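Because the structure is a prediction, the values reported are computed rather than measured. The basis for the numbers below is simple: all heavy atoms, side chains too, and nothing from hydrogens, waters or symmetry mates. In what follows, chains are A, B, ... by sequence order, proteins preceding strands, each numbered from 1.
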Amino acid sequence: MHAYRTHNCGELKKNDVGSEVRLSGWVHRVRDHGGLLFIDLRDHYGITQCVIEPENTNFATAETVRSEWVIRIDGKVDARSDDTINTTMPTGDVEVRISSLDVLSPARELPLPVFGEPEYPEDTRLTYRFLDLRRETIHGNIIKRAEIISSIRKRMTDAGFFEFQTPILTASSPEGARDFLVPSRMHPGKFYALPQAPQQFKQLVMVSGFDRYFQIAPCFRDEDARADRSPGEFYQLDVEMSFVEQDDVFNAVEPVLRGLFEEFGGSKPVTQKFPLIPFWQSMRLYGTDKPDLRNPIEMSDVSGYFRDSGFKIFAGLLDKHQCGRDWFENAEVWAIPAKSGGSRAFCDRMNSWAQGEGQPGLGYIFFRDGEGAGPIAKNLGEVPTAKLRNELGLEDGDAVFFVAGVPNDFAEFAGRARTKAGEDLELLDKDKFEFCWIVDFPMFEWDEENKKVEFSHNPFSMPQGGLEALETKDPLEILAWQYDIVCNGVELSSGAIRNHLPEIMVKAFDIAGYDKSVLEDKFGGMLRALQYGAPPHGGIAPGIDRIVMLLCGTENIREVTMFPMNQQAEDLLMGAPGEVSSEQLKELHIRLNLPKT
RNA sequence: GGGGGUGUAGCUCAGUUGGUUAGAGCGCUGGCCUGUCACGCCAGAGGCCGCGGGUUCGAGUCCCGUCACUCCCGCCA
């Protein structure tokens, strides 16, 4: 007989009745009736009830076992009588009548119970992560994560992609996030950096002729944490393809994500064909570049109703800002229609919420008895109000909120108002995955702080219109072949068709105020690679952690990460970061210069 | 770097207007219990009320500071 088990704790069923078995596992729960004692024995696969009686020579030992001790039992599988069958557990038809019991590893009093999963402080959970990970929910999340990653690998390799590893110790890159640095022993005063993403490597893989690359890539960024963002490290499904246009990337990636969400999404419906929404349209309809399309509210420009109208506040605003750039710098009035929000109580609640957000307020009209109510409706007049209601498709019992000013300043707030109205009125169908592509991001944006034009995303993206656009158009009007995938309001990934032509890159950097020498200095390797026959290429990098979070239905990344750091970027289990010996520092030619405390 | 929230038993939390000896449930320890599966019943241990200062006759409670955790902003090409 095997030293520890003939079966696992999740597999004994009715047809095993009568067989002699050996099980090992953790004591999940003990129920001691004095003359009869039940032990729920747990392992990765499940829980099996074991029972022992006082006549048994091991009964005294059995009475000493406590939660989370590791024990081994031998015994015979018994059918439970009809009145003792537990239909809530897979092994509930049977129990094991213990013939002998051995303690393999006792446990001290628990700082963190496994059974029942009561809420526990995060630092305790992280300090005793090995106990925390035994808990059913997070144990399941971690397994699901493993299955998701395994499925991704299969889907990608089936689609003809090769998984390559790229270096972990690499060079610091000048753009983007703060790097994690690793001192070089052999080169005093020099440092490696951990990759923020394998961006340049994957492009080099394309230049090297490998055609289709993917990697479950670890990425390192030394930035502050959020609930959905680990400090330090995270994983991307990094993808790059040669000889492709935007549509080719979409056609490669979309089925992978759709299939993945259908496989692991608990049969919630998944968008079959991801709609393409241009960035500016997304800003105008939803006030954000990561819209939650489960929210049916779409905003619209209703400036026409207010220009020279009786509602002087808006009319005045519209007059005031007129001759800026056509899309975002001229004043407009946006409507946020809110189906079923037509009560004074709800409208007032939205209004005071807006004031809490630092806004002057949130104007509204609500519709009842066939007419609009509220101060704006009064000032606007009956006929325009009715026309407005028709245009927005609203009825009695509905409301519409208004945001006025320069869209560039209020769009983000309008988006949050849209989100709040949708959620408070429960207009969202939470039981689905709504995907979209956000496309046509601007290539450059105005950096108000430094009063200059900056790259708005990745400096390696190809501008739409190529060199000609860079040379002839207003930089702020140039779009890039740059795209995001958004699911349920979560930005899952960002990607682009890359710029594979050195002269375009030189010009793009020039517009952003970087001299050619900066480009050569910081991206010399990349620039050189593009000068020896580079294929047009592009890719994308969906965030693995966020995909798993969506599929596990959790808001917190630490619920889908085995050994996460806390918000202060500390690993409480391993004690990282930690001090090192003076010998180690000496070898690395490092002398500490610590802040005074 | 900035802002919000939280901090009372191992844990989750209650604690009135500032007023005697700070409570409950879970867990833990001991006892009883032959069909439980959140087993039940009885008893017990367990508290620098995060820490420091202040106001007050008196502070878990009010004020100031500080620390820890967490959420957000900045940041995240």
Side-chain angles (χ1 to χ4, degrees), chain A residues 28-42 47-56 59 63-64 66-68 78 80-89 91-92 95 97 107-128 172-179 195-197 199-200 219-234 356-358 412 416 441 443-445 447 449 454-461 480 482 491 494-496 498 508-509 512 514 522-523 541 543 555-556 558 566-568 570 572 597:
Chain A
H28 192 57
R29 189 82 173 151
V30 178
R31 289 176 298 281
D32 185 353
H33 289 239
L36 183 71
L37 188 149
F38 297 98
I39 295 173
D40 288 341
L41 195 65
R42 184 196 75 238
I47 295 177
T48 300
Q49 172 167 288
C50 307
V51 59
I52 188 168
E53 286 156 355
E55 302 79 60
N56 191 298
F59 191 76
E63 283 193 300
T64 67
R66 295 290 178 265
S67 289
E68 299 310 307
D78 263 6
R80 297 202 202 178
S81 64
D82 286 348
D83 55 328
T84 61
I85 285 173
N86 186 340
T87 53
T88 63
M89 52 198 289
T91 61
E95 63 192 4
R97 201 149 288 263
R108 293 164 55 173
E109 187 185 330
L110 301 175
L112 177 80
V114 174
F115 171 76
E117 304 190 53
E119 275 192 38
Y120 254 62
E122 190 120 28
D123 45 343
T124 307
R125 293 181 55 193
L126 294 179
T127 307
Y128 298 95
S172 176
S173 84
E175 297 262 333
R178 199 177 293 116
D179 284 315
Q196 295 179 23
Q199 177 64 37
Q200 292 191 63
C219 304
F220 305 90
R221 293 176 192 176
D222 186 6
E223 297 294 349
D224 290 347
R226 289 289 183 277
D228 62 351
R229 196 170 85 199
S230 288
E233 52 190 83
F234 60 96
E357 297 285 300
E412 185 255 354
R416 278 184 291 136
F441 279 86
M443 181 82 188
F444 300 100
E445 63 190 16
D447 178 354
E449 198 175 323
E454 231 340 326
F455 289 111
S456 56
H457 280 77
N458 189 321
F460 301 121
S461 298
Q482 171 92 38
E491 183 189 322
S494 187
R498 319 298 173 186
F509 274 74
Y514 299 106
K522 299 300 185 187
F523 303 105
E555 307 266 300
N556 191 317
R558 292 182 293 275
N566 67 10
Q567 200 173 39
Q568 278 63 245
E570 296 163 310
L572 297 174
T597 44

Side-chain donor or acceptor of Gln196(A) paired with backbone N/O of Ala177(A) under 3.5 Å:
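Judged by distance alone, yes, a pair lies under 3.5 Å.
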Using only atom types and a distance under 3.5 Å, with no angle test, would you say the side chain of Arg178(A) pairs donor to acceptor with the backbone of Asp222(A)?
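A pair under 3.5 Å: yes.
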Plane angle bin for Tyr514(A) and Phe455(A) - parallel if under 30°, tilted between 30 and 60°, otherwise perpendicular
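Phe455(A) vs Tyr514(A) ring planes: parallel.
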Under 4.0 Å, heavy atoms only, any strand: does [X] hit a base, just the sugar-phosphate, or nothing?
X	answer
Gln49(A)	base
Phe460(A)	nothing
Pro118(A)	nothing
Arg29(A)	sugar-phosphate
Asn458(A)	sugar-phosphate

Looking only at N and O atoms, is any donor in the side chain of [X] or the base of [N] less than 3.5 Å from an acceptor on the other one?
X	N	answer
Arg221(A)	C76(B)	no
Asp224(A)	G74(B)	yes
Glu223(A)	G74(B)	no
Arg80(A)	U36(B)	yes

To the nearest Å, give me how far apart [atom1] ([X]) and [atom2] ([N]) are.
X	N	atom1	atom2	value
Asp32(A)	C42(B)	CG	C1'	15 Å
Glu95(A)	U36(B)	CD	C1'	10 Å
Arg229(A)	C71(B)	CZ	P	12 Å
Arg108(A)	C28(B)	CZ	P	15 Å
Asp228(A)	C76(B)	CG	C1'	11 Å
Gln567(A)	C69(B)	CD	P	9 Å
Asp179(A)	C76(B)	CG	P	12 Å
Glu109(A)	A45(B)	CD	C1'	11 Å

Side-chain N or O of [X] versus OP1/OP2 of [N]: is the shortest distance under 4.0 Å?
X	N	answer
Gln196(A)	A77(B)	no
Arg226(A)	C73(B)	yes
Arg498(A)	A77(B)	no
Arg31(A)	U36(B)	no
Asn556(A)	C71(B)	yes
Arg97(A)	G35(B)	no
Gln568(A)	A68(B)	no
Asn566(A)	C69(B)	yes

Flag as yes if His33(A) stacks onto the base of C39(B) (centroids under 5.5 Å, planes under 30°), otherwise no.
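Yes, aromatic ring over the base.
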Contact check, side chains of [X] and [Y], non-hydrogen atoms, under 4.5 Å:
X	Y	result
Glu63(A)	Val30(A)	no
Glu122(A)	Asn556(A)	yes
Asn458(A)	Arg498(A)	yes

Contact nearer the 5' end of RNA chain B, comparing Ala227(A) with Ala177(A)
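The residue whose closest nucleotide sits nearer the 5' end is Ala227(A).
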Considering heavy-atom distances to RNA chain B, does Glu63(A) or Leu126(A) have its closest nucleotide positioned more toward the 5' end?
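So the residue in question is Glu63(A).
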Would Phe509(A) and Phe523(A) count as a close aromatic pair, with their ring centres under 6.0 Å?
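Between Phe509(A) and Phe523(A), the centre distance is under 6.0 Å.
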Nearest to the side chain of Ala197(A) - C76(B), C69(B), A77(B)?
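The answer is A77(B).
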What nucleotide, of A38(B), C71(B), G35(B), holds the atom closest to the side chain of Phe115(A)?
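Between A38(B), C71(B), G35(B), the one nearest the side chain of Phe115(A) would be A38(B).
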